[in-house]
Trainee: 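My questions all concern the structure below.
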Amino acid sequence: MDSQQSALLQRRFVLMTGKGGVGKTTLVAALAVHAASLGMRPLVVELGHRESMRSVFGVDDIGFKPRDVGLGVHAMSVDVDSAVLDYMLEHIPSKRVAKSIVGNKVLERLFAAMPAVGEIATINKLRQLEAETSSGGQRRWGPILVDLDATGHALMFLELRSVIDNIMGAGPMKRLVEETAEMLADPETTRLCLVATPAELPVTETIELYGKLEGRGTVTFGSVFANRMPHVPLSAHSVAALDEVEAAAGAVGRADVAADVAWARVALRGAEAARAQIDRLRAAVPLPIVELPQLPAARMDAGVLGRLGSLAAGGVQ
Ligand SMILES: Nc1ncnc2c1ncn2[C@@H]1O[C@H](COP(=O)(O)OP(=O)(O)OP(=O)(O)O)[C@@H](O)[C@H]1O
Ligand SMILES: [Mg+2]
């Protein structure tokens, strides 16, 4: 692999967060497809029962175990219940006892007593995946791309250490959380990427999340993706000519041309508004901002995902 390329993909973990619908799942999938094309062993981890990766890769089911979803990519879904059972199985020597704990009301009480248990179990799973080796002794997965979902979820996940500090003694769970928190905080190991579209709310939310996490030492940021940037429909030269064209069309009574000019102005205003939002983002967030185009494709096929991933990975970090 070209060592100059894809510094982001060299990390063990790439976490993706951003407001609803901005393209987190698409970009995780795109980076994974691109990583696979570079000969890496990407694992996509989707948190919760969202099942959105299923439709991106066109497979029937994605469960708690990594599965081949094609294009050289593996994917799994980490839901809280499976992660908690997994954690129990790892820490309670008897499978039967572990299962009965999960099966009865004890777990419910555990949840009530310690609301972060879902996150703990989830990070436990991530830590396990990171350490997995193949028969040749090399790391089985790299990079592990985590679709973190909404920004609130990202915050809870990344601020786990401080949550735990307040509620735990020195038991194995605390050690686990501390170890994993270190892994997530290490800039060589983990990067948190932010996704926004060039619109008011996603940009505001990105600026706010950056403000909350910056300087906390919980995680190092990777790229900020400005996804779905409209392409500028006209060159500066033709923009200047619009007034002339409009006047000429009016003079000869060509309403059709005037309508085209009006359409061009609307598209231009859209592109300018998008640019203004990205400028606002750039002014507030001193991170590399990687602009990704609005794609015309109705369906994100392998080629489209690969190209998007290549553009995304080509950015700094
Ligand atoms: N660059 C792009 N060009 C065109 N369409 C895109 C682009 N990026 C994402 N999309 C489309 O936008 C929609 C939302 O994308 P996606 O599901 O990846 O967002 P998300 O942030 O994961 O959403 P959610 O918050 O619901 O999980 C999808 O239909 C996807 O195909
Ligand atoms: Mg999604």
Side-chain angles (χ1 to χ4, degrees), residues 8 13-35 42-59 61-63 69-71 73 75-80 122 144-158 191-210 221-233 267 270-271 273-275 277-278 281 289-315:
L8 180 66
F13 288 107
V14 176
L15 313 176
M16 194 75 72
T17 192
K19 193 173 162 50
V22 292
K24 301 174 291 290
T25 299
T26 304
L27 289 183
V28 162
L31 283 169
V33 169
H34 178 61
L43 173 66
V44 166
V45 178
E46 184 169 37
L47 297 188
H49 276 301
R50 297 293 309 277
E51 298 186 345
S52 30
M53 282 301 163
R54 225 173 59 171
S55 63
V56 173
F57 288 99
V59 294
D61 191 34
I62 293 179
V69 292
L71 310 173
V73 176
M76 68 183 288
S77 156
V78 174
D79 64 287
V80 168
T122 301
I144 298 172
L145 300 132
V146 186
D147 189 351
L148 258 189
D149 229 316
T151 46
H153 195 162
L155 269 180
M156 211 152 85
F157 187 77
L158 294 166
R191 293 289 170 129
L192 174 67
C193 294
L194 308 176
V195 192
T197 46
E200 177 91 30
L201 288 178
V203 165
T204 298
E205 204 164 297
T206 305
I207 293 171
E208 283 171 4
L209 184 68
Y210 174 79
F221 292 101
S223 306
V224 181
F225 296 114
N227 191 28
R228 308 191 76 157
M229 289 297 288
H231 69 279
V232 180
R275 176 60 47 204
Q277 290 299 336
I278 296 312
L281 183 61
I289 295 177
V290 181
E291 294 185 18
L292 300 170
Q294 166 70 38
L295 297 168
R299 188 176 141 61
M300 297 278 169
D301 61 19
V304 172
L305 281 176
R307 280 195 297 280
L308 192 62
S310 164
L311 282 174

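Ligands are counted one by one from 1 in listed order, and the atoms in each one are counted from 1 as well.
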Trainee: Considering only N or O atoms, set out every pair between ligand 1 and the protein closer than 3.5 Å, with distances to one decimal place.
Mentor:
from: ligand 1; atom 1: 1 (N); to: Asn227; atom 2: OD1; distance (Å): 2.9
from: ligand 1; atom 1: 1 (N); to: Pro293; atom 2: O; distance (Å): 2.9
from: ligand 1; atom 1: 3 (N); to: Leu295; atom 2: N; distance (Å): 2.8
from: ligand 1; atom 1: 5 (N); to: Arg228; atom 2: NH2; distance (Å): 3.3
from: ligand 1; atom 1: 8 (N); to: Asn227; atom 2: ND2; distance (Å): 2.9
from: ligand 1; atom 1: 12 (O); to: Arg228; atom 2: NH1; distance (Å): 2.8
from: ligand 1; atom 1: 18 (O); to: Thr25; atom 2: N; distance (Å): 3.4
from: ligand 1; atom 1: 18 (O); to: Thr26; atom 2: N; distance (Å): 2.8
from: ligand 1; atom 1: 18 (O); to: Thr26; atom 2: OG1; distance (Å): 2.5
from: ligand 1; atom 1: 19 (O); to: Gly23; atom 2: N; distance (Å): 3.0
from: ligand 1; atom 1: 21 (O); to: Gly21; atom 2: N; distance (Å): 3.4
from: ligand 1; atom 1: 21 (O); to: Val22; atom 2: N; distance (Å): 3.2
from: ligand 1; atom 1: 21 (O); to: Gly23; atom 2: N; distance (Å): 2.9
from: ligand 1; atom 1: 21 (O); to: Lys24; atom 2: N; distance (Å): 2.9
from: ligand 1; atom 1: 21 (O); to: Lys24; atom 2: NZ; distance (Å): 2.8
from: ligand 1; atom 1: 22 (O); to: Thr25; atom 2: N; distance (Å): 2.9
from: ligand 1; atom 1: 22 (O); to: Thr25; atom 2: OG1; distance (Å): 2.8
from: ligand 1; atom 1: 23 (O); to: Gly21; atom 2: N; distance (Å): 3.1
from: ligand 1; atom 1: 25 (O); to: Gly21; atom 2: N; distance (Å): 2.9
from: ligand 1; atom 1: 25 (O); to: Lys24; atom 2: NZ; distance (Å): 2.8
from: ligand 1; atom 1: 26 (O); to: Arg50; atom 2: NH2; distance (Å): 3.2
from: ligand 1; atom 1: 27 (O); to: Arg50; atom 2: NH1; distance (Å): 3.4
from: ligand 1; atom 1: 27 (O); to: Arg50; atom 2: NH2; distance (Å): 3.3

Trainee: Here's a test for you: under side-chain contact (heavy atoms from CB on, under 4.5 Å), which of Leu31, Val146, Leu192 qualifies with Met16?
Mentor: Leu31

Trainee: Mind listing the closest non-hydrogen atom pair of Ile278 and Ala226 along with its distance?
Mentor: CD1-CB, 3.6 Å

Trainee: List the atom of Ala313, the atom of His34, and the distance in Å for their closest heavy-atom pair.
Mentor: CB-CD2, 3.5 Å

Trainee: Would you name the heavy atoms of Arg54 and Asp61 that are closest together and state the gap between them?
Mentor: CD-CA, 3.7 Å

Trainee: Quick one: closest heavy-atom pair of Ala271 and Pro230, and the distance?
Mentor: CA-CG, 4.0 Å

Trainee: Heavy atoms only: give me the nearest Ala32-Pro42 pair and the separation to one decimal.
Mentor: O-CG, 3.3 Å

Trainee: Salt bridge check: are Glu208 and Lys19 linked by an N-O gap of less than 4.0 Å?
Mentor: no

Trainee: Carefully, step by step, assess Thr197 and Asn227 under the rule side-chain hydrogen bond (donor to acceptor under 3.5 Å, both in side chains).
Mentor: CA-CA 5 Å; Thr197 46; Asn227 191 28; over 6 Å; no

Trainee: Between Val33 and Ala302, which heavy-atom pair has the shortest distance, and what is it?
Mentor: CG1-O, 4.1 Å

Trainee: Is any protein N, O or S atom closer than 2.8 Å to the Mg ion (ligand 2), and if so, which?
Mentor: Thr25 OG1

